[in-house]
Novice: 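Handing you a structure now.
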Amino acid sequence: MPTQSATKATKTKKKTSKRKVKKNLVIVESPSKAKTIGKYLGSRYKVMASVGHIRDLPKSTMGIDIENNYEPHYISIRGKGPVIKELRKEAKKAAHVYLASDPDREGEAIAWHLSHLLDLDPQDKNRVAFNEITKETVKNAFKTPRAIDMDKVDAQQARRVLDRLVGYSISPLLWSKVKKGLSAGRVQSIALNLIIKRQEEIKNFKPEEYWTIDAEFSKDKKQFAASFYGLAGKKKELGNNDDVKEILAPLDKNQPFTVTAVKKSERLRKPNQPFTTSTMQQTANNVLKFKTSKTMMLAQQLYEGISLGKGGAVGLITYMRTDSTRISDQAKHQAASFIHDTYGEEYAALKPQAVKLSEGAQDAHEAIRPTSVLRTPAELEPYLTKDQLKLYSLIWSRFVASLMTPAVIDTVRVDIEQNGRTYRANGSQMKFPGFTKVYQESKRKDNLLPALAEGDQVTLVANQPNQHFTLPPAQYTEASLIRTLEENGVGRPSTYAPTLSVIQKRYYVKLVARKFEPTELGEIVNHIMEECFPDILNVGFTAELENDLDSVEEGKRQWVKVIDEFYQPFAKEVSAADEKLAKVKIKDEPAGIDCEICGAPMVIKLGRFGKFYACSRFPDCRNTKAIIKEIGVTCPQCKEGQVVERKSKKNRTFYGCSRYPDCDFVSWDKPVGRDCPKCQHYLISKKTKQGMQVKCSNCDYEEAIQK
């Protein structure tokens, strides 16, 4: 029998051998992604986060060696020292290092930068990529690691170098000619230009008059609406009141109208394809009123993983940066079974719609879809925030609907005549809901007409002429601007959200009632770009440049050549612009008030975040004040000051007392100037699902706003 000391020695040996087993190191971008993946891979793997990019071009200089094939000079990002140190330490003692950053150009570039810092060979099979963060997909990805795709890295590097050359060539010009803090870029300059051109269209728009005649008819005591269509069945436009009088003159209200035609038909309404990045951004903006940056933040959270109680964290959607509507066969089969079992055989499409890719689409990843259709929004409600649930529900329902049968709508068109004047009524009724049982962006109502046949007589109840004027084109919203950029081939899925953010951050545009309006500063910058850099604003030229970058990713073109073809003529434009442009003087406006410090007149200046009051004796007197807007309500707290509209650091509107800091009253909601009849606290106006309502700031009292 072994002695006690021998047993102890054996145990110590076992412990030592266990301690020597090396773990595999996996590096991802975000801590939440690391947490989710770590649970899937188990104890043999250690998962760490680089917390985004770890190397980039320096901020203080161009960082591009133009004379040496546009060689970029990368440096470690400030503040990332401890992260890099920890990654190097763990990489040295790891059995193997896997780079599992996102499956796009940017993710590939992050993996390449990590391989450089950690002394890894990019040719080694250490790159792991997956389109969804689920246990099965992640584990399968680690069975087939690959080398870093240098074509993708080169494409991302080309974009970064291109944007740096444009930004760091034009921005100093704007600083010297206009004011410090300005910037210009390829996609942001086109976005700004589109907004300004649309504003000019609206300003120069000349409305045209037109008329309609809306009528009410009755058959067997059932009333229905119809509108004037034309003469003897042929369409006629009504341009003015004389045209209307000519139509109405021979009509006799006391005489019946005759039904001359009844056309019944069946209309199929097909479901939309599942989401791409841009269609998700547009729909979330239109339906959920989410800003693009918020949509992408929520989508990132859903992709990286949400804790589902005992089930642990799991990625709920596939990768959210994609331009494809393609769906994997496995996902199709799972969804088809779900639809069949949940809604019935008649709702499951036998042959899903063919995938149509937009021009220039890369089709690198699937459409945005749930990782499992069995995780319904209702099932996930306890685990998601309110906004996460809204976006997940939108993605889930759009995906399921895309594999369902079309909605069938019965339509009827009725022509009614008297003395050669034709009125037309259109009716519709849902015959079979199809995909709308799951997904519809807007509510529709059936419009039922009474049973009518050719030769029937109907009675005219009301006949109302209405004057109208054509409307100017609508201002861009975030959704419509993204759609326009995509249609013109400008930018890619990953660029839309940052582009929209930067033009607002630079105060080139502002969002007013969810619509873009250019600022004076934006118009100045756009004028310089139009005058000196027409190629940057040329949509066709920029779209072609995007195609060139795609060709680099596909290995068809060399990135240095693409950059050189752009930079050589661009550099000449920059030199010419410096000589051509005169210094732009942004005139200060008189404020109509005096400085409370020195008594000199105050002026309105244009700053980086908008207009503000400043002393005209600057820099001798540095007094500045925010421009505040009174709303005509006395402060409900101190009863002395006025409630004024202010802006937070994130440009969100809030309301405070004009006597601040003596009175610290503040509210995100607008006070209405009345007290609650129940508890005497102040009332506020608040937007709800039922529209604007007056609510109490303290109790449950509420009242509808009278229109």
Novice: Ignoring hydrogens, what is the shortest heavy-atom contact between Thr36 and Gly315? Give both atom names and the distance.
Specialist: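 It is CG2-N, 4.4 Å.
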Novice: If you look at every heavy atom in Ile317 and Ala299, which pair is closest and at what distance?
Specialist: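 Closest approach of Ile317 to Ala299, heavy atoms only: CD1-O, 3.5 Å.
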Novice: Would the distance check show the side chain of Arg146 and the main-chain N or O of Val128 forming a donor-acceptor pair, the cut-off being under 3.5 Å?
Specialist: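 No, Arg146 side chain to Val128 backbone: no donor-acceptor pair under 3.5 Å.
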Novice: With Thr495, which residues qualify under side-chain hydrogen bond (donor to acceptor under 3.5 Å, both in side chains), at least two apart?
Specialist: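 side-chain hydrogen bond (donor to acceptor under 3.5 Å, both in side chains) list for Thr495, sorted by chain: empty.
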Novice: So Arg326 and Thr322, side chain to side chain donor-acceptor pair (under 3.5 Å) or not? Walk me through it.
Specialist: CA-CA 10 Å; Arg326 176 172 51 83; Thr322 178; over 6 Å; no
Novice: State plainly whether the residues Arg159 and Glu546 are in salt-bridge range, i.e. N to O under 4.0 Å.
Specialist: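 A salt bridge links Arg159 with Glu546.
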Novice: Keeping Asn285 on the side-chain end and Phe290 on the backbone end, is there a donor-acceptor pair under 3.5 Å?
Specialist: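 Looks like yes, one N/O pair under 3.5 Å.
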Novice: Residues in side chain to side chain contact (heavy atoms under 4.5 Å, CB included) with Ala401, at least two apart?
Specialist: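 Expected list: Phe435, Tyr439.
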Novice: With a 4.5 Å limit on heavy-atom distance, are the side chains of Asp56 and Ile77 in contact?
Specialist: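 A side-chain contact under 4.5 Å exists here.
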Novice: Taking ring pair (Phe, Tyr, Trp, His ring centres under 6.0 Å) as the definition, give me every residue that meets it alongside Tyr98, ordered by chain and number, with sequence neighbours left out.
Specialist: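 Partners of Tyr98 by the ring pair (Phe, Tyr, Trp, His ring centres under 6.0 Å) criterion, ordered by chain and then number, come out as His96, Phe142.
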Novice: Would you be so kind as to tabulate the donor-acceptor pairs closer than 3.5 Å made by side chains of residues 336-346, with sequence neighbours excluded?
Specialist:
residue : atom : partner : partner atom : Å
Ser337  : OG   : His333  : O            : 3.1
Thr342  : OG1  : Phe338  : O            : 2.8

Novice: Is it the case that the side chains of Glu478 and Gln281 hold a donor-acceptor pair, with the cut-off being a distance below 3.5 Å and no angle test?
Specialist: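 On atom types as modelled, these side chains do not qualify, holding no pair under 3.5 Å.
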Novice: Taking only residues two or more places apart in sequence, or in another chain, which ones meet Thr436 in a side chain to side chain contact (heavy atoms under 4.5 Å, CB included)?
Specialist: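 Listed in chain order: Arg269, Ala407, Met430, Pro433, Gln440.
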Novice: Applying side chain to side chain donor-acceptor pair (under 3.5 Å) to Thr295 and Thr292, what does each step give before you reach the verdict?
Specialist: CA-CA 5 Å; Thr295 299; Thr292 306; 6.0 Å; no
Novice: Give a yes or no on whether a salt bridge exists between Asp410 and Arg267, defined as a side-chain N under 4.0 angstrom from a carboxylate O.
Specialist: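 No, Asp410 and Arg267 are not salt-bridged.
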Novice: For His113, what residues pass the ring pair (Phe, Tyr, Trp, His ring centres under 6.0 Å) criterion, not counting sequence neighbours?
Specialist: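 Ring pair (Phe, Tyr, Trp, His ring centres under 6.0 Å) list for His113, sorted by chain: Tyr74.
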Novice: With no hydrogens and no angle check, is any side-chain donor or acceptor of Ser501 less than 3.5 Å from a backbone partner on Ala497?
Specialist: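 Such a contact is found between Ser501 side chain and Ala497 backbone.
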Novice: Between Asp323 and Arg492, does any side-chain N to carboxylate O distance fall below 4.0 Å?
Specialist: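 Salt bridge between Asp323 and Arg492, a charged N being under 4.0 Å from a carboxylate O: no.
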Novice: With the threshold set at 4.0 Å, does a side-chain nitrogen-carboxylate oxygen contact exist between Arg444 and Asp446?
Specialist: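 Yes, charged N to carboxylate O under 4.0 Å.
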Novice: By the salt bridge (charged side-chain N to carboxylate O under 4.0 Å, His left out) test, which pairs, at least two apart or in different chains, include something from residues 25-40?
Specialist: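 Of all non-adjacent pairs touching residues 25-40, those that pass salt bridge (charged side-chain N to carboxylate O under 4.0 Å, His left out) are Glu29-Lys33, Lys33-Asp102.
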Novice: With no hydrogens and no angle check, just 3.5 Å: does a side-chain donor-acceptor pair link Thr134 and Glu132?
Specialist: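 Looking only at side-chain atoms, Glu132 and Thr134 do form a donor-acceptor pair, the distance falling under 3.5 Å.
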Novice: For Glu381, give me all partners under side chain to side chain contact (heavy atoms under 4.5 Å, CB included), at least two apart in sequence or on another chain.
Specialist: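 For Glu381, the residues satisfying side chain to side chain contact (heavy atoms under 4.5 Å, CB included) (neighbours in sequence not counted) are Leu389.
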Novice: Is the side chain of Asn447 donor-acceptor paired with the backbone N or O of Asn426 at a distance under 3.5 Å, no angle test?
Specialist: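 Yes; at least one donor-acceptor contact below 3.5 Å.
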Novice: Could you tell me whether Arg127 and Asp149 make a salt bridge, using a distance below 4.0 angstrom between a side-chain N and a carboxylate O?
Specialist: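 Result for this pair is no, no salt bridge flagged.
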Novice: For Ser328, what residues pass the side chain to side chain contact (heavy atoms under 4.5 Å, CB included) criterion, not counting sequence neighbours?
Specialist: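 Side chain to side chain contact (heavy atoms under 4.5 Å, CB included) check on Ser328 returns Gln330, Ala331, Glu366, Arg369.
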Novice: Check salt bridge (Lys or Arg N to Asp or Glu O under 4.0 Å) between Asp151 and all other residues, then give those that pass, not counting sequence neighbours.
Specialist: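 Residues passing salt bridge (Lys or Arg N to Asp or Glu O under 4.0 Å) with Asp151: none at all.
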Novice: Taking ring pair (Phe, Tyr, Trp, His ring centres under 6.0 Å) as the test, write out the residues that go with Tyr303, two or more places apart.
Specialist: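 By the ring pair (Phe, Tyr, Trp, His ring centres under 6.0 Å) rule, Tyr303 matches Tyr319.
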Novice: Please identify each residue that fulfils ring pair (Phe, Tyr, Trp, His ring centres under 6.0 Å) with Tyr347, with sequence neighbours left out.
Specialist: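 Per chain and number, Tyr347 pairs via ring pair (Phe, Tyr, Trp, His ring centres under 6.0 Å) with Phe432.
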Novice: Determine whether Leu394 and Phe275 make a side-chain contact, defined as any pair of heavy atoms from C-beta on separated by less than 4.5 Å.
Specialist: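 The answer is yes, as the side chains (C-beta and beyond) meet within the 4.5 Å cut-off.
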Novice: Is the backbone of Tyr508 close enough, under 3.5 Å, to the side chain of Thr519 for a donor and an acceptor to pair up by distance?
Specialist: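 Yes; at least one donor-acceptor contact below 3.5 Å.
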Novice: Indicate yes or no for a side-chain donor-acceptor contact from Lys289 to the backbone of Asn286 under 3.5 Å, with no hydrogens or angles considered.
Specialist: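 Checked: pair present.
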Novice: For a 4.5 angstrom cut-off between non-hydrogen side-chain atoms, does Val539 reach Val490?
Specialist: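 A side-chain contact under 4.5 Å exists here.
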Novice: Gln188 and Thr499: side chain to side chain donor-acceptor pair (under 3.5 Å), yes or no, with the steps?
Specialist: CA-CA 5 Å; Gln188 78 176 61; Thr499 296; over 6 Å; no
Novice: Hey, is the main chain of Thr276 close enough, under 3.5 Å, to the side chain of Thr279 for a donor-acceptor pair?
Specialist: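 Present.
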Novice: Using a 4.5 Å cut-off on heavy atoms from C-beta on, say whether the side chain of Cys696 contacts that of Lys678.
Specialist: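 Contact flag for Lys678/Cys696 side chains = no.
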